[in-house]
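Counting starts at 1 for both ligands and their atoms, following the listed order.
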Amino acid sequence: MKLVCLLGSPRREGNSATVAALLTARARELGAETETVYLNGLTMKGCQGCYACKTGADRCVVADDLAPVLESVRTADALVLATPVYYGDVTAQLKCFIDRTFSYLVPDYATNPVRSRLAPGKRLAFVIVQGHPDEKLFADIYPRYELFFRWLGFTDNHLVRWCGLQEKSDVLKRTELIELAERTAEQLVRGG
Ligand SMILES: Cc1cc2nc3c(=O)[nH]c(=O)nc-3n(C[C@H](O)[C@H](O)[C@H](O)COP(=O)(O)O)c2cc1C
């Protein structure tokens with residue numbers, strides 16, 4: 001199985017990237033082929049709202065560094081989206097990718113029961129870390145985005161979330177978080 005992991009933080013070795021690395025390492029132990037993309041290193045645009053993907057093309061026509069990433073996700077069995085909370089949301093880097101997934105939707109996605117051009121049954125995990133320790137704050141991020149990923153055909157979806165993380169090394173002190181990341185890798189590879 002193929003697992004694609006997108007890192008939304010500019011901090012290459014920050015908390016979300018560290019959790020994502022633990023998750024992908026466990027997935028590889030279980031036999032997955034993994035590919036990790038550092039979004040901050042790409043030259044990319046958000047969705048241009050050109051609607052070319054709805055009026056002729058069957059994919060995004062914007063030719064930048066995100067184009068091969070969108071193709072890779074197309075053939076993946078599982079997707080991991082790792083991000084810190086920035087101003088109560090995912091980072092701009094990850095939002096660029098999310099907006100471009102509009103190209104996976106069929107032209108009549110609003111009425112068609114099969115909304116997605118992607119093969120059904122893909123698995124998804126969001127890794128979300130935040131500085132604020134209050135779990136009630138920013139808890140809306142995952143359900144808000146997960147809904148759209150269900151539209152795209154991701155049906156087996158998981159959240160790895162941790163609050164109160166600031167320093168880059170904070171994450172390695174949280175054994176429960178490490179266990180959660182590894183358990184989620186098992187769910188992504190084996191299902192369930
Ligand atoms: C620009 C910016 C905005 C942030 N906004 C929030 C926020 O709204 N809520 C929060 O709890 N933490 C916020 N943080 C803190 C980060 O979410 C936190 O430090 C996180 O652990 C960083 O993850 P990383 O190491 O993967 O980049 C913000 C940090 C930055 C740099």
Side-chain angles (χ1 to χ4, degrees), residues 2-30 32 34-47 64-66 68-70 72-73 76 78-101 122-149 152 154 157-189:
K2 176 179 166 185
L3 183 154
V4 173
C5 173
L6 306 185
L7 303 178
S9 176
R11 304 206 295 182
R12 234 184 221 287
E13 290 165 12
N15 292 315
S16 55
T18 303
V19 177
L22 291 164
L23 193 161
T24 52
R26 179 70 187 127
R28 275 193 302 280
E29 276 175 12
L30 296 168
T34 71
E35 176 191 337
T36 296
V37 180
Y38 174 60
L39 291 175
N40 195 52
L42 305 185
T43 302
M44 61 183 175
K45 292 176 171 171
C47 174
D64 64 2
D65 292 352
L66 259 187
V69 178
L70 286 163
S72 193
V73 170
L79 175 64
V80 176
L81 300 175
T83 183
V85 173
Y86 273 13
Y87 278 76
D89 214 315
V90 301
T91 60
Q93 290 87 337
L94 181 57
K95 187 64 163 56
C96 254
F97 166 79
I98 291 175
D99 286 358
R100 295 274 292 278
T101 65
K122 292 187 194 295
R123 297 175 183 147
L124 173 75
F126 257 94
V127 173
I128 302 178
V129 300
Q130 68 185 51
H132 204 291
D134 186 344
E135 287 184 12
K136 289 196 279 310
L137 285 180
F138 321 119
D140 61 307
I141 298 172
Y142 174 72
R144 232 172 344 102
Y145 288 108
E146 195 264 343
L147 167 71
F148 294 109
F149 279 89
L152 294 172
F154 289 79
N157 305 331
H158 305 272
L159 172 62
V160 178
R161 178 171 184 238
W162 216 262
C163 304
L165 294 177
Q166 282 294 356
E167 297 308 317
K168 283 189 191 177
S169 56
D170 274 358
V171 68
L172 293 171
K173 299 174 202 146
R174 309 293 205 286
T175 47
E176 320 91 280
L177 172 55
I178 296 168
E179 281 163 18
L180 177 60
E182 293 185 344
R183 224 172 28 249
T184 303
E186 287 156 24
Q187 289 168 317
L188 289 180
V189 174

Which residues share a salt bridge (charged side-chain N to carboxylate O under 4.0 Å, His left out) with Arg183, sequence neighbours left out: none
Charged tip of Arg12 within 45° of Tyr38 ring normal and under 6.0 Å: yes
Atom NZ of Lys2 with >12 non-hydrogen neighbours under 6.0 angstrom: yes
Contact residues of ligand 1 (heavy atom under 4.0 Å), by chain and number: Ser9, Arg11, Gly14, Asn15, Ser16, Pro84, Val85, Tyr86, Tyr87, Gly88, Val129, Gln130, Gly131, His132, Phe138, Leu165, Gln166
Lys/Arg N to Asp/Glu carboxylate O, Arg100 vs Asp64, below 4.0 Å: yes
Phe97 and Phe149 aromatic ring geometry - parallel, tilted or perpendicular at 30°/60° bounds: parallel
Donor-acceptor side-chain pairing of Ser72 and Glu35 below 3.5 angstrom: yes
